[in-house]
Q: 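I'd like to ask some things about the structure below.
Naming: A, B, ... by sequence-line order, numbering from 1 per chain. Hydrogens, waters and symmetry mates play no part in the numbers below; they use all other heavy atoms, side chains included.
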Amino acid sequence: MSGPTINEARANSEKSRRPLAAWRRHHRQCLRGAFSRLIRRPVGAWATILVLGVVLSLPALVMTLGHQVERLGAIWMSDAARMDIYLATDADEAARQTLRDWLDRQATVAEQRVIPPEEGLEALTERLHIDGLETLESNPLPWVIELTLSDARADTRLALAEGLREQSAVAEFSSGDDWIQRLEQIRAFFDELGWWLLILLGMTVVFVVGNTLRLELHERRREIALIALIGGTERYMLRPLLYDGTLSGLLGGVVASGLVGLALSVTSGPIERFAASYGAAISPQIDPALVLLLMTAGALLGWLSAQVIGRFYIGRLSTP
Amino acid sequence: MIEFANVSRRYANGQFGLQDINFRLPTGRMAFLTGHSGAGKSTLLRLIPALDRPTSGKVLIGGYDLNKMGRHQYPKLRRQIGVVFQDHHLLTDRLVFDNVALPLQVSGYLPGDVRRRVDAALDKVGLLGRQRARIEELSGGEQQRVNIARALVNRPRILLADEPTGNLDPDLSRDIFDRFFEFHAVGVTVLIASHDVELLKQYPVPRIALNEGRISAFEEAES
């Protein structure tokens, strides 16, 4: 062999290594490889993605159902955007005015009507057909302020209620929002159920992706053993797998979003008719946040699966 | 330097693949490992790049005790060792270029450097111009030369070969041994396992003879 000595050659060889650039390049290669496998092995790859889509769409459907219940409930309860405030008996004119001014400043209060005790007593007399109430020594009824709220959402009420509790002139206020709270609880239940399903079915995703990756690893076992022999690190061997898993998961999330969208468009007729009967117009659409959640969850689960399965098998293929 | 100290390798069935092996191969030296098939040559070679672990005893490479080496340190060790296998271990669905380039890509070389080095390595084994050929289009001898090019492309400090001429004709075998000898001449530590006694006689290189997993003889180079 002529030319430089082996030690000079080795020194040159160290100089021409560019680990960072090569690392970036390998990432790009792995990404391209992951896409090309979708084309090269369409049946296997897309079957996995479809299964992921179906599995992920279940929790998403449950969450969407909760969301729709809340929206429909809000329409149903739209005439319940009211609240009655009962003032303290010791609240004088000045305290009442302070409270009214405070209420005026609240964006959630659309209108307020003051009902003096006399008017309340009249209304009560009329409603109950009782005579002689006017002969009572003192009027037992408090001052009442009847509020019309800007909307009927429970959090609007809650925010207002919190403020009201701090007003000294307020003795009590109608909770009147039992129904909204119930709806809220139903929605919370659906939400929680959705999250539980996502966790539970997320494990299924890990296994489904893992099984596909395991088959791929089995096919590439000679290559992996060879890469291990010539000094490839575990991370180097794992990298293509991570891209495959993440991409499958991400696309599974996209398919799941599509399925939820499809389910919504199928049921949109009844929902729109219900809304129309209350004079409201809603067209059920998939929540963009849910799409983002599904894609993120899919990608994360795919990546996790590749980590678990990849490390296990690569470890076995590359070490004594 | 390769050093084996009281190395044994016992299999799960209780049989010994290697028993009480002691030898030292100083840096830049060359030796042959001889013996019948089943004598333990491959088992011994596999211990050097930590593809297998001894059940007892120590293997030291460049002074490092492999027993004390963690899994994450294997890549660094293996990048310094070129291995030529009995069965080719080539990726048959890839091009010659891709096979030879693999160790460089794994070690982080950029495409320009990879191309230059692969060309140089293929030139050394007389396959320049066959970069774009598929492995399956090559003859057995050519495949073995691709294997050698891949083992050398990274300019390893140690070169191991396991029956590198197993299925080649005598002329080609000598040609390949000549190349190993050249690498030894420029400072690479070379250990070659072969049972081709006639071929080995032509080289003034010490021989470690294995028999049933034990060293039966240590013959100094004849000159």
Q: Which atoms of A:L229 are under 4.5 Å from chain B, going by heavy atoms: the side chain, the backbone, both sets, or neither?
A: both

Q: Quick test of your reading: applying side chain to side chain donor-acceptor pair (under 3.5 Å), list the pairs with at least one residue in residues 205-216 of chain A, sequence neighbours left out, ordered by first then second residue.
A: A:R37-A:E216, A:T48-A:T212, A:N211-A:R214

Q: For B:Q202, look at atom CD and say whether over 12 heavy atoms of other residues, nucleotides or ligands are found less than 6.0 Å away.
A: yes

Q: Can you run down the ring pair (Phe, Tyr, Trp, His ring centres under 6.0 Å) pairs that involve residues 283-307 of chain A, sequence neighbours left out, and say none if there aren't any?
A: none

Q: Under a 4.5 Å heavy-atom cutoff, which of B:P111, B:G112, B:A151 has the most pairs with chain A?
A: B:P111

Q: Using a heavy-atom cutoff of under 4.5 Å, enumerate the residues of residues 21-36 of chain A that contact chain B, numbered in order, or state 'none'.
A: A:A21, A:A22, A:R25

Q: Other residues, nucleotides and ligands only: do more than 12 of their heavy atoms fall within 6.0 Å of CD on B:Q15?
A: no

Q: What pair of heavy atoms forms the shortest contact from A:T233 to B:R79, and how long is it?
A: CG2-NH2, 3.8 Å

Q: Look up atom CG in B:L102 and atom CG in A:L226, then write down how far apart they are to the nearest 0.5 Å.
A: 5.5 Å

Q: Can you tell which part of B:R94 gets under 4.5 Å to a heavy atom of chain A, answering side chain, backbone, both or neither?
A: side chain

Q: Has B:R78 got a side-chain atom pairing as donor or acceptor with A:G232's backbone, closer than 3.5 angstrom?
A: no

Q: What pairs of donor and acceptor atoms, side-chain ones from residues 22-33 of chain B against any protein atom, are under 3.5 angstrom apart with sequence neighbours left out?
A:
residue: B:N22; atom: OD1; partner: B:N6; partner atom: N; Å: 2.7
residue: B:N22; atom: ND2; partner: B:N6; partner atom: OD1; Å: 3.2
residue: B:T27; atom: OG1; partner: B:M1; partner atom: N; Å: 3.1

Q: With respect to chain A, which residue among B:P75, B:G82, B:A185 yields the maximal number of heavy-atom pairs within a distance under 4.5 Å?
A: B:P75

Q: Which region of B:Q105, side chain (C-beta onward) or backbone (N, CA, C, O), has a non-hydrogen atom less than 4.5 Å from a non-hydrogen atom of chain A, or is it both or neither?
A: both

Q: Rounded at 0.5 Å granularity, tell me how far CZ in A:R222 sits from CG in B:D93.
A: 9.0 Å

